[in-house]
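The structure under discussion appears below in the form of structure tokens.
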Amino acid sequence: MSSTLTIFALMDCNNFYASCERAFNPGLRKRPIVVLSNNDGCVIARSHEAKALGIPMGAPAFKFQPLFKERGVAVFSSNFALYGDMSRRVMDTAARFTPDMEIYSIDEAFLRLDRMHGRPLDLARKIRSTILQWTGIPVSIGIGPTKTLAKVANREAKKNPEHGGTFSLVDYPDQDRILAGIEIEDIWGIGRQYGKKLRDFGIGNALQFSRLDKDWVRKRMTVNGMHTLLELQGVLCIPLDQTVATPKSIVCSRTFAKAVTDKDKLAELISGYAARTGERLRGQGCVAGQLQVFVLTDRFRLDKPQYSNAATVSLAIPSSHTPDLIRAARTALEQIFKPGFEYRKAGVMVFGIEKEQGRRLRLFEPPTQERARYKAVMEAMDRINARWGAMTMRVAAEGAEKRWVMRQAHLSPRYTTDWKELPRAGH
DNA sequence: TCTGGGGTCCTAGGACCC
DNA sequence: TCTGGGGTCCTAGGACCC
């Protein structure tokens, strides 16, 4: 008999970005695949076969170029339009099985199964096979009485293929054995730093951690660490969160393919990032109160002069209007730009975000009519960009050059989001 | 030549106030 | 002039996640 009140499932997509590329290209089955970051800089996703070749996560692409060639690794630039769309399909499919779902990241969701009919493990198997059939994306599902234990179960499901992609810790006879097989830094909520610290105390796996004293853990790892501990003991501390919160901050930043020294060029790039944050704010129906600009030189080139700085400006009125954001960004850049440095990365961050609807009006706001006209212009721009591809329409300050700072040598087509690039059936 | 991008939360300590 | 207690707000830094 189990006294479990809650049953969580953690569903995540196996090697998600690599699986997305493979889903539209059956010729890639069994072939090693890697997906590269912006600028094709480093490896951010690997198929099972690529992992087996010893290609680590975050590996600089240039170092592994020879191996890619020698072993016939299929290399892709990241294609977030495709991954975002595939994510939505996977989540929509999962959502058919339970109303209690929290989308946790682009490739992960927590589901509560205790209000559903049938054995949780049977349900998980059904979810898994349906997603595979409908989207072509393989997922793994772990089941446990808390989110943290569902994560543990998910790891077990992945580790041993004989589980067939699903595993349940609920009513499992030997939970200790499973916990003992989880390295300390593989526990959800324990990263490299705490992992090292705990190992210094002789705590090397989840079973040992789960037996620690609650106050001892709290003192050294804050209340979060204590929650992780309790959750491993089966005590629910981290509930399913289905609220759609407005984000606290939105960032758009890039590392450049080649260094930028020119202030005007930098201002153009920054303006583009400000415009992107504006689009995302409007997509959320939000406005931001403050905007920060940051610039950095190449942190790997210690032989060159280093400089990094950030400046924050308050917007006169919380806004999502691109020209407002660009103006603020240019003001902030003025405050921190220093000539003579080779800039390698820059970004724009907005915060003080609130819903536009129901926002408390400030003194000295421009007349509603004028605001409405601004808004109409932005909406038209967003519609055009949604239809014809991002960046089709831009404000002049963003510059005319086409994404010259981005290197994307291995981009796959936008199969699902652009009708011109739909895969052809048959030949 | 070549090393990503985008988030959240917690705590300690200082400033300031009564 | 010095001392004490208690509270709030803000920021920087550090940890984590995908």
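Everything numeric in this text was worked out from a predicted model, so none of it was measured.
- Rounded to an integer number of Å, the gap from CE of A:M226 to C1' of C:dA15 is 16 Å.
- The side chain of A:Y194 has C:dC16 as its nearest neighbour among B:dG6, C:dC16, C:dC18.
- Counting any heavy atom pair closer than 4.0 Å across all strands shown, A:K196 reaches no nucleic acid atom.
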**OP:** Would you check, one step at a time, whether the test salt bridge (Lys or Arg N to Asp or Glu O under 4.0 Å) holds for A:D200 with A:K197?
**Re:** CA-CA 5 Å; A:D200 288 345; A:K197 204 157 135 182; over 6 Å; no
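- Picking from B:dC2, B:dG4, B:dG5 the nucleotide with the shortest atom distance to the side chain of A:R299 gives B:dG4.
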Just the table, please: protein N/O against nucleotides 8-11 of chain B N/O, every pair under 3.5 Å.
| residue | atom | partner | partner atom | Å |
| --- | --- | --- | --- | --- |
| B:dT8 | OP1 | A:K248 | N | 2.9 |
| B:dT8 | OP2 | A:S249 | OG | 3.1 |

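- Between A:K345 and B:dG5 there is a side-chain polar atom (N or O) within less than 4.0 angstrom of OP1 or OP2.
- Put simply, A:F300 rests on the base of B:dT3: the two rings are less than 5.5 Å apart at their centres and nearly parallel, under 30°.
- No side-chain donor from either of A:S308 and A:R299 sits under 3.5 Å from a side-chain acceptor of the other.
- Ring planes of A:Y273 and A:F256: parallel class, angle under 30° (limits at 30 and 60°).
- Within the nucleic acid shown, A:I190 comes within 4.0 Å of sugar-phosphate atoms alone, with no base atom in reach, counting heavy atoms only.
- Put simply, CD on A:E342 is 13 Å from P on B:dT3, counting in whole angstrom units.
- The aromatic rings of A:F8 and A:F110 lie perpendicular to each other, with more than 60° between the two planes, well past the 30° mark.
- We find that CD of A:Q292 is positioned 14 Å from C1' of B:dG6, with the value rounded to whole Å.
- Between A:S78 and B:dG5 there is no side-chain N or O to OP1 or OP2 distance below 4.0 Å.
- Between the CZ atom of A:F110 and the C1' atom of C:dC18 there is a distance of 11 Å, rounded to whole Å.
- Note: NE2 (A:H410) to C1' (B:dG4) measures 15 Å, nearest angstrom.
- Nearest-nucleotide positions on DNA chain B place A:D298 closer to the 5' end than the other of A:S253 and A:D298.
- No side-chain heavy atom of A:E49 sits less than 4.5 Å from a side-chain heavy atom of A:R31.
- Taking the six-membered ring for Trp and thresholds of 30 and 60 degrees, A:Y83 and A:Y17 have nearly parallel ring planes, at less than 30 degrees apart.
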Original post:
Under a 3.5 Å cutoff on both atom distances, Watson-Crick or G-U, what's the dot-bracket for DNA chain C ([ ] crossing, | other strand)?
Top reply: ....||||||||||||||
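- For A:K159, the NZ atom counts as densely surrounded, since its 6.0 Å shell holds more than 12 non-hydrogen atoms of other residues, nucleotides or ligands.
- Closest contact between the side chain of A:R344 and the listed nucleotides C:dC18, B:dG5, B:dT3 involves B:dT3.
- Among A:Q306, A:K304, A:R344, the single residue meeting the side chain to side chain donor-acceptor pair (under 3.5 Å) criterion with A:D298 is A:R344.
- When side chains are defined from C-beta on, A:V223 counts as touching A:R218, because their heavy atoms get closer than 4.5 Å.
- Across all strands shown, A:E108 has heavy atoms under 4.0 Å from sugar-phosphate atoms exclusively, and none from any base.
- When the P atom of B:dG6 is taken as reference, atom OH of A:Y104 falls 18 Å away, rounded to whole Å.
- Dashed line: the shortest gap from a side-chain N or O of A:R301 to OP1 or OP2 of B:dT3 is not under 4.0 Å.
- Among B:dG6, C:dA15, C:dC17, the nucleotide with an atom closest to any side-chain atom of A:C252 is B:dG6.
- Whole-Å rounding puts the A:N38 CG to B:dC2 P distance at 17 Å.
- Here A:I187 lies in heavy-atom contact (under 4.0 Å) with sugar-phosphate atoms only.
- No option in A:T6, A:T98, A:D100 other than A:D100 meets the side chain to side chain donor-acceptor pair (under 3.5 Å) test with A:R115.
- Side-chain nitrogen and oxygen atoms of A:R192 include none within less than 4.0 Å of the OP1 or OP2 phosphate oxygen of C:dG14.
- Following rounding to the nearest Å, A:F80 (CZ) and B:dG6 (C1') show an atom-to-atom distance of 10 Å.
- Counted within 6.0 Å of CZ on A:R199, heavy atoms from surrounding residues, nucleotides or ligands total more than 12; the atom is thus considered enclosed.
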